[in-house]
Amino acid sequence: MTTLTLRGWLLAEVPRSKGQARCQRVFISWLAFKRNPVAVIGLLIIASLVMVALLAPWLTSTEALELNLAKRLQPPGGEHWFGTDELGRDILDRIIWGSRITLYIVGLVSIIVVPIGLVIGVVAGYIGGWVDNFLMRLTDIFLAFPRLILAMALVAALGPGLENAVLAIALTTWSPFARIARAEALTIRNSDFILAARMQGVSTAGILTRHVAPLCMSSVIVRLTLDMAGIILTAAGLGFLGLGAQPPTPEWGAMISLGRQYLIDQWWVPTMPGIAILVVSLGFNLLGDGLRDVFDPKSGGNQ
Amino acid sequence: MKKIKITLLGFAAALMLVTGASQAATPKNTFVLAKDIADIITMDPAEVFELTTGEIIANIYDRIMMFEPEDLQNLVGGVAESWEVSEDGKTITFKVRSGLKFHSGNPVRAEDVAWSLQRVVKLNKTPAFIVTQFGWNADNVDSLVKATDNDHLQITITEEFSPGLVLNALSAGIASVVDKKLVMSHEKDGDLGYDWLKSNSAGSGAFSLKTWKANEIVMLQAHKGYRHGAPGMDRVILQHVSEPSSQRLLLEKGDIDMARNLTPDQVKGIEGNSDIAVDGHPKGTIVYMAANAGHPILGKDKVVQAMRHLIDYDSMADSFLAGQFVVHQAFWPAGLWGALETTPYKQDVVTAKALLAEAGHADGFELTIHTLTNSPFPEIAQAVQANLAKGGIKTNIVTLEGKTLWPKYRAREHDIILAHWSPDYVDPHSNADAFANNPDNRFEAKKTGHLTWRNAWSDDASNSLAIKARNELDLDKRKQQYLELQAMLQKKGPFVIMFQQNEQVARRRNLDGFVSGSNFDLVFYRNVTKR
Amino acid sequence: MIDIQGLDVVFGHGNKAFHAVRNVSLAVEKGQSFGLVGESGSGKTTVLRALAGLLDRVAAVSGVMTVAGETLQQQRSQAFRRHVQMVFQDPYGSLHPRHTVDTILSEPARVHKLDRIEERVVAALEEVGLNASFRFRYPHQISGGQRQRVSVARALITDPDIVLLDEPTSALDVSVQAEVLNLLMRLKREHGLTYVLVSHNLAVVAHVCETLSVMQNGGIVETMSVQQLREHSSTMPYTRQLMTASLGYDRGAIDAFEEFGQ
Amino acid sequence: MRASSVLKAAGPGRALPSKLVKASGVIVSLILTFVGLTAVTFTIGRVMPADPVLAIVGDRASQEVYDQVFLQLGLDKPIYVQYLKYLGQLLQGDLGTSIMTAQPVAEDILRFFPATMELATVATLLGVFVGIPMGVLAAVKQGRWPDHVVRVIGLIGYSAPIFWLGMVALLVFYARLDWVAGPGRLDVFYDGIVDPVSGILLLDAALAGEWDIFDNALDHLILPASILGTFALAYIARMTRSFMLDQLGQEYILTARVKGIPEWQVIWRHAFRNVLVQLITIIGLTYASLLEGSVLTETIFSWPGIGLYITKSLFNNDMNAVLGGTIVVGVCFVGINMLSDLLYKLVDPRVR
Amino acid sequence: MMDAALLRVEELHVSYNTPTGLVQAVKGVSFELGREKLGIVGESGSGKSQTGRAILGLTAPGGEVRARRIEFEGTDLLHADRRTMRHIRGAGISMIMQDPKYSLNPVMTVGKQIEEAFLVHSKDSKREAYRRTLEMLRAVKIREPDRVYRAYPHEVSGGMGQRIMIAMMMIPEPSIIIADEPTSALDVTVQLQVLAVLDDMISERGMGLIFISHDLNLIASFCDRILIMYGGQVMEECNAAELHRARHPYTRGLLDCLPRLGGSQHELSVLRRDPAWLETRGETS
């Protein structure tokens with residue numbers, strides 16, 4: 001009954017309040033999203049990542065993260081589903097705890113990158129002229145920079161560690177977002193509703209924040225989701241080069257890095273975290289593909 | 001011989017054309033060894049101070065004094081046929097062997113030998129301290145080191161030093177004899193050929209340098225006219241392979257003859273392979289932990305002592321270090337003259353806790369451990385972290401590349417450093433000077449060559465004993481003094497010495513005669529042969 | 001009410017410069033409706049946008065424009081923004097796709113710091129014949145005609161004196177066009193609005209306006225009253241041809257068409 | 001696309017001949033990018049905790065030796081003086097000497113860059129020749145199984161950590177199956193036989209007629225290029241699919257079908273020609289990003305490329321090398337972008 | 001006038017499966033076409049364009065076409081295989097779309113696109129194709145056919161683009177042309193000139209034309225016969241000349257709500273839609 005009325009409320013022809021209208025919009029997008037099996041799989045993966053991260057203390061035993069040199073390098077089996085690592089720790093447990101770090105990276109990068117990219121892109125695209133020129137030159141410089149190398153340089157300068165790695169990644173990732181936001185802003189700025197807003201005397205700041213930016217958001221979010229995999233991989237790459245999370249933090253890239261010498265005889269040590277990274281980036285990619293189909297029906301999906 | 005077989009290879013579902021791999025075996029006359037050679041920055045013996053180049057120049061240059069691969073225990077003359085020590089022990093006269101030839105064909109003269117040492121002092125690169133400590137400097141070296149005639153070299157020291165120590169020091173890389181004529185023909189702006197010699201060789205050793213491509217390859221060519229006869233191999237190639245796993249694969253496939261950087265677990269992995277043999281070579285490298293005495297808590301002797309009791313040396317040495325590191329708890333490596341081989345410490349949490357309580361830190365405290373990024377340091381650091389936690393000492397690990405770690409260390413910016421050390425030359429003084437002697441503990445003194453200074457630790461008893469042993473003429477007494485000094489440092493001071501390296505070298509079974517001695521520069525290729 | 005003297009608009013620069021409007025002058029009385037007719041590219045919309053002050057970043061505008069006695073500066077005043085409003089051609093493009101009707105309508109009121117915003121929104125919706133049930137819908141949830149009504153309502157929120165109409169019905173079906181035209185006529189009567197209407201459709205202009213100018217290649221060809229237009233008393237061949245063409249397909253007449261090329 | 005091209009025409013500006021403005025704009029932006037690039041790198045070099053002096057003199061050097069080198073390097077001068085001095089040398093074509101290799105940086109780059117170029121080129125070619133057909137196929141069969149297969153492959157290629165993939169591939173295809181050669185560019189005993197004319201081994205070997213070496217070099221190249229290629233392939237296939245879907249929904253495709261043109265011609269002659277226009281930029285970007293040198297792939301495969309060179313230099317605070325490498329990579333990036341813009345203009349009649 | 005029907009459509013239905021459910025775009029449309037100009041008029045969403053596309057079998061993916069019969073010159077189009085269909089497209093039935101800006105391939109020259117349409121249905125040489133193309137360009141009254149042949153679509157004006165479309169669709173000499181709002185993107189005078197070209201060619205060659213438009217006025221003056229569509233159904237069918245006598249309230253409503261040049265500024269009459277119009281003719285097949 002309640003679900004029926006909730007659904008009814010969500011699909012009501014005539015929304016009665018701002019809140020209902022907003023919920024409806026989200027719900028209808030969700031309906032469209034739901035029809036895309038690929039995206040749903042992606043969402044499921046990400047959702048389970050979040051769940052695993054939240055439930056980590058209950059999913060793992062407390063002593064699992066401690067060294068147990070007597071039980072090192074045990075193959076996957078009943079006691080240790082993913083085997084144990086070079087210091088005798090349960091790999092599954094470490095992967096579970098590592099999911100928190102992955103989410104932390106993803107979250108932190110997003111909240112740094114999106115605002116920077118959005119502000120620079122929207123301002124450049126909408127204002128145009130020399131402001132655009134200047135901002136885009138700046139963006140170009142960061143684009144032209146070898147990305148991993150810039151990140152490494154930044155980490156090296158800031159000192160290794162997860163926070164610094166994330167910061168470095170963020171500082172090297174914002175440029176494409178600025179470009180996307182700018183491209184969107186360029187098409188938006190000449191649309192009639194922007195002219196209408198100017199006609200009504202809305203200030204430039206108001207147009208940027210209330211009219212242009214929200215419309216750039218969806219492509220930025222899609223791109224962000226698609227880039228997430230890249231971000232995770234870059235973080236893992238930095239971890240691989242010893243510049244990311246510090247031991248014994250169970251960051252997946254660092255786990256591969258330290259475990260790589262065991263690939264030949266104890267394949268599970270680097271392989272399990274490798275698969276974890278693969279699955280999660282796959283999840284983000286699937287989700288991003290799906291979101292793009294929902295937000296931008298012209299590519300993919302039926303027309 | 002190589003038919004191109006076209007194989008359809010489905011990798012990641014991408015189809016690509018692949019040419020069949022050659023069934024690899026290295027050529028009969030070539031010795032290929034894989035090693036991480038990224039540390040090479042110069043080939044000039046006056047400047048060489050890195051592990052890889054230490055080994056390479058040992059094969060290119062003959063030194064004044066040498067250990068020969070045939071007998072690694074006893075110091076013998078290199079280019080020096082014989083020597084005489086003056087009464088006061090301050091002047092040594094060497095007779096240079098006759099008939100020696102440089103790779104260039106130039107004869108080896110006493111003048112070359114003298115000039116080589118003068119050059120070291122005048123260029124004053126990092127390793128120069130090994131000889132400048134004898135009182136030589138750019139102004140006086142021409143008179144203190146000189147060729148008295150065509151085959152006699154006379155050196156005089158102005159500081160108090162045991163002549164045994166001086167002879168030992170003259171077996172270091174800086175005592176390599178350089179072809180003066182050849183080098184001076186490449187001199188630019190009075191640089192004594194420094195620029196040229198960085199990437200070229202001018203020696204009289206078993207091999208000459210053919211190519212050095214940084215991060216790629218070093219190729220040596222046999223010196224057929226070597227005084228011990230032509231080396232077994234025409235060419236020696238050091239291939240840069242930084243990944244131990246790659247080294248292992250290459251070795252198993254026969255693409256290389258020897259892998260130098262395998263990890264203990266990889267060595268275990270290839271045990272069953274009948275084509276491969278693994279030899280252990282005890283090395284002078286020790287792994288130690290140092291606590292900054294300038295730190296309010298770490299400055300307390302009891303805290304460091306507690307740490308010595310907290311660490312579980314054996315379980316590390318039995319697991320991830322197995323075969324490549326053994327427990328060793330004194331600053332001079334076991335197996336060398338004057339080494340203290342006792343290992344008094346085992347994990348003993350109760351004692352440790354008591355000591356910490358006495359020091360007023362029963363509730364524990366928090367520290368940062370700085371260490372290197374390459375294996376096994378992150379693993380040791382994590383084990384140490386777990387060990388120290390038992391005493392309530394919480395630690396964070398920061399791993400850094402050496403180039404980033406050393407500036408921190410030299411600026412005394414660390415809490416605890418986990419690192420390694422190998423002697424500069426085979427004399428206990430080399431390590432005693434670093435671990436026990438601190439001539440001036442003031443920060444401005446910048447005695448960065450001394451680990452004691454880096455850890456802001458100075459102790460009069462230790463300082464004076466180190467100097468006394470250095471100057472002692474009597475060998476037995478000298479040995480006793482070093483043993484005493486090591487025992488002293490086991491109980492106090494900022495160092496927790498943990499392990500000594502045992503280099504495991506994996507080679508194809510058809511290869512023999514590779515010699516690796518206790519010090520990093522005691523590696524010889526000339527006896528290598530292949531079946 | 002509106003007086004434009006010697007308006008010139010140039011887009012771009014250098015050899016890519018495009019002179020979109022040349023020396024256009026026109027005047028509109030208060031309460032009048034003025035039509036601008038012409039084919040695409042004739043500059044009619046540009047004149048409207050220049051008047052609205054929407055070209056400041058994209059084109060060089062010169063000439064003197066006076067509205068209600070106030071000579072316009074490049075940066076339009078807030079008072080101007082309040083008293084001059086505009087309705088755009090494309091009902092799909094002129095409403096922000098992520099804003100509800102309520103947001104769209106209340107924004108101008110908020111910008112001009114008007115009171116009783118909610119009341120105004122409801123009243124404006126009623127005024128254009130939409131009931132309160134439309135208030136929280138998104139543009140994509142309502143039909144083209146309804147959207148155009150929302151556009152009109154938005155223009156009315158600030159109680160303007162002048163409304164600029166840029167092809168307000170050309171994207172609509174004829175039946176909807178009739179409704180919107182009726183709405184515009186009623187609003188004009190009730191509020192005493194002044195209209196400037198741009199359209200390519202002579203019949204629509206004739207229906208709404210009293211006076212019109214025919215534009216071609218950026219200039220005004222002819223200005224006349226609608227009465228004159230109906231009586232076919234135009235002397236300009238271009239206007240006459242437009243008239244003929246708007247009457248429908250007549251094979252015979254087409255061969256007589258002249259090229260009024262650039 | 002359409003909207004933005006309309007916008008470009010309507011940009012504001014002053015009365016200068018537009019060609020001149022354009023050309024000078026390109027040059028100014030190049031110079032700015034270049035100065036920005038070097039300035040950022042230089043600054044990073046200065047704030048790095050690694051010590052370039054120690055990189056030269058080693059950990060155990062005495063303070064005296066240290067100070068001597070410190071002065072030699074000019075590190076006592078203010079940073080802007082050092083930077084200007086560097087720029088001055090740069091303008092004379094002098095990139096300085098690398099600490100790490102004891103060679104002029106320019107010579108190092110001539111050695112390392114071709115290695116990366118060889119790798120990146122083959123990888124990109126693989127991505128283009130496999131990825132494009134895959135993408136087209138997926139778009140044409142949208143929603144059916146070929147589409148799903150291509151998408152999954154693309155996504156996996158895009159999601160897998162490249163260093164991990166590399167290690168596994170090395171283990172499987174080199175160690176176990178023995179299909180390809182191992183790490184490195186060449187079996188070491190072949191080293192130095194062929195004179196480095198272009199630095200690209202395949203080319204040099206072919207020029208010298210040393211087919212054994214050619215074969216060996218190819219053997220070594222195939223695996224790392226495939227690994228990098230997987231990434232390029234995934235990206236290109238994915239973009240091709242998306243562009244293709246876009247084009248297939250356009251009206252001119254309907255026109256072509258109305259004409260009665262066979263479907264394969266509709267796809268390749270009509271839709272794909274338009275996709276190609278967009279793909280040029282994508283391929284250019286992919287190539288440029290691979291040219292940056294995949295540090296990770298180069299590490300795994302002991303490939304002496306520019307990425308590894310810059311990385312190693314960075315860790316050693318060998319700033320001349322880092323700057324030199326970054327400049328070359330940056331210039332390549334900008335160059336390739338300009339080239340793809342140019343190609344774009346050649347292929348797309350609308351922007352000519 | 002309707003001596004031999006070229007095309008017979010009986011009970012055509014087109015439906016789409018959308019997220020919100022099944023949408024019936026066309027519901028039971030039947031008509032015949034001879035060598036005449038048939039106009040289909042209706043407002044947006046009336047199903048007029050869908051009808052045109054369904055005949056060519058070019059309904060967008062996701063759409064389903066059902067009919068009792070679609071027959072072109074004796075061929076059953078409903079069950080024709082792909083090859084037959086391909087042959088009929090272009091050579092039998094052709095279509096002109098609304099906006100040449102989008103319906104011409106932007107990266108191919110105009111000449112190549114016209115030639116292609118010819119060559120795909122002919123075994124003639126390229127040379128012949130070139131000759132025919134130029135001839136065709138002249139036939140649609142393009143003044144400099146050589147220059148236009150080498151031009152790209154973005155280099156020609158809208159009116160010229162639509163003439164090119166006509167040339168391209170006429171060159172394989174089809175029997176039927178479907179023109180879907182062919183002139184609504186053009187200015188009035190240009191629109192009429194283009195229609196004149198189309199008109200002349202149709203009558204010269206004795207072809208059938210289905211002219212789809214929302215412009216009642218235009219259709220009435222241009223076509224011979226008119227179908228008035230609403231909600232996917234045919235409301236009324238009449239001769240163009242007799243449109244003013246149309247009886248259906250929908251047709252009447254459409255006629256009345258147009259502002260007239262000669263009229264005054266009175267209130268326009270507004271169309272009142274009656275749901276009963278759609279109920280009377282449910283789906284019967």
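Below, read A as the first sequence line, B as the second, and so on, with proteins coming before strands; counting in each chain starts at 1.
Of residues 104-115 of chain E, those residues with a non-hydrogen atom less than 4.5 Å from any non-hydrogen atom of chain D are, in numerical order, E:L104, E:N105, E:P106, E:V107, E:M108, E:Q113.
Heavy-atom neighbours of E:F31 CZ from other residues, nucleotides or ligands within 6.0 Å: above the threshold of 12.
Using a 4.5 Å cut-off between heavy atoms, D:Q265 touches chain E through its side chain atoms alone. Neither the backbone nor the side chain of E:M85 comes within contact range of chain D; no heavy atoms are under 4.5 Å apart.
Ranked by heavy-atom pairs shorter than 4.5 Å toward chain D, the options E:Q98, E:M97, E:E116, E:H87 are led by E:E116. Comparing D:R257, D:R273, D:H270 by how many heavy-atom pairs each has under 4.5 Å with chain E, the most go to D:H270. Of all the listed residues (D:L276, D:T255, D:V258), the one sharing the greatest number of non-hydrogen pairs under 4.5 Å with chain E is D:V258.
The CG atom of D:L254 sits 9.0 Å away from atom CG of E:D180, with the distance rounded to the nearest 0.5 Å. Residue D:I253 holds its CD1 atom at 16.0 Å from OH of E:Y102, rounded to the nearest 0.5 Å.
Salt bridge absent: E:R83 and D:E263 never bring a charged side-chain N and a carboxylate O closer than 4.0 Å.
Residues D:K259 and E:R89 fail the side-chain proximity criterion, which asks for heavy atoms closer than 4.5 Å.
Nearest heavy atoms, E:V120 versus D:G260: CG2-O, 3.8 Å.
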